[in-house]
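Here the structure is a predicted model, which means the values were calculated and not measured. In each ligand, atom 1 is the first atom listed, and ligand 1 is the first ligand listed.
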Amino acid sequence: MNKKGFIFDLDGVIVDTAKYHYLAWKALANELGFDITLEQNEQLKGVSRVRSLEIILGWGNTTLSQEQFTTYMAEKNDKYLSHIAQMDAGEILPDVPKILNYLQETQQGIALGSASKNARKILQKVGLFEVFHGIVDGNDVSKAKPDPEVFLIAAQQLNKVPTDCIVFEDSVAGVTAANTAGMISIGIGFKETLGHADYVFNDFTEIQTSFINELINR
Ligand code: BG6
Ligand code: MG
């Protein structure tokens, strides 16, 4: 059987942490005197912490000194981590373990490619840390998605060429990053949002192992 590299985004693909990012950013916006909607939150998916705060400040027509900016960044992360502290394996999204098990059984390369600087902590909390042969997160890259750097480093860690890699992503920027890297992109979410992906599924319950086999044997 062929061996491919399967690279997973974390937030919104393996675990539904988008809701915790949203709660933390919303609380911060409220402190600054405005609100952010769930719709606006969609635009923050896959976006780095710094860039997210810049975007949110733009929505609220608010400017901060460099010092305040740093303080709010830390405050957001503290709030986010207070939610993360409660996480366990129950928060792994449906059928993600089914696909991970199948990839392990067939001895595929498995890596993480996330923008989050909290990725390792979250994988440990949900008990998936050991599953990954490679982990690339927000601490390891100099350029954020949609730049392909995160996935190219993950492919290197798996010892695979980009054309032998498959990326699972829920964000617009992440799908673009995978496409630019020359990898097969699989969008997890809505077709309307992720139409630029090679394939789109609502979630992993829609992904059969026969489809994974097709990808492996391409
Ligand atoms: C991405 C999330 O995975 O990581 C974004 O989709 C988040 O919402 C980004 O801003 C950075 O995460 P963290 O945990 O380093 O603040
Ligand atoms: Mg994501």
Using a cut-off of 6.0 Å, state whether more than 12 heavy atoms not belonging to F190 lie near its atom CZ. no
Side-chain heavy atoms of K79 within contact of W25, under 4.5 Å: no
Side-chain touch L158/D164, heavy atoms, less than 4.5 angstrom: no
Output yes when the distance from some N or O of ligand 1 to some N or O of S116 is under 3.5 Å, and no in every other case. yes
Could you check atom 16 (O) of ligand 1 against the protein and tell me its nearest heavy-atom contact, residue, atom and distance included? R49 NE, 2.7 Å
Suppose I only count heavy atoms of K45 and a 4.0 Å limit; which atoms of ligand 1 are within that range? 6 (O)
Quick check: do I153 and E149 have side-chain heavy atoms less than 4.5 Å from each other? yes
Should E214 and R218 count as an ion pair when the cut-off is N to O under 4.0 Å? no
At what distance is the nearest protein heavy atom to atom 15 (O) of ligand 1, and which residue and atom is it? K117 N, 2.6 Å
Could you give me the CA-CA distance, side-chain angles and deciding distance for E169 and S185, then say whether side-chain hydrogen bond (donor to acceptor under 3.5 Å, both in side chains) is met? CA-CA 7 Å; E169 252 295 346; S185 55; over 6 Å; no
Using a strict cut-off of 4.0 Å, indicate which atoms of ligand 1 neighbour a heavy atom of G46. 2 (C), 5 (C), 6 (O)
Taking D9 for its side chain and G174 for its backbone only, find out whether a donor-acceptor pair lies under 3.5 Å. no
Please state whether L10 comes within less than 4.0 angstrom of ligand 1, counting heavy atoms only. no
Hits for salt bridge (Lys or Arg N to Asp or Glu O under 4.0 Å) against K121, two or more places apart or cross-chain, chain-then-number order -> none
Is there any N or O on N118 that sits under 3.5 Å from an N or O of ligand 1? yes
Which distance, rounded to the nearest 0.5 Å, do you find between the CD1 of I99 and the CD1 of I14? 12.0 Å
Identify, for atom 5 (C) of ligand 1, the protein heavy atom at the shortest distance, and state residue, atom and that distance. V47 O, 3.3 Å
Taking the side chain from T17 and the backbone from Y20, do they hold a donor-acceptor pair closer than 3.5 Å? no
With atoms numbered from 1 as shown, which atoms in ligand 1 lie under 4.0 angstrom from a non-hydrogen atom of S52? 10 (O)
Are the side chains of K98 and T205 in touch, meaning some heavy atoms are under 4.5 Å apart? no
Which residue supplies the protein heavy atom nearest to atom 8 (O) of ligand 1, what is that atom called, and how far is it? L44 O, 3.4 Å
So for ligand 1, is W25 a polar contact partner (N or O within less than 3.5 Å, distance only)? no
So does E31 have more than 12 non-hydrogen atoms from other groups sitting under 6.0 Å from CD? yes
Do any nitrogen or oxygen atoms of D11 come within less than 3.5 Å of a nitrogen or oxygen of ligand 1? yes
Taking 2.8 Å as the upper limit, name the protein N, O or S atoms near the Mg ion (ligand 2). D9 OD2, D11 O, D170 OD1
N or O contact, D9 vs ligand 1, cut-off under 3.5 Å: no
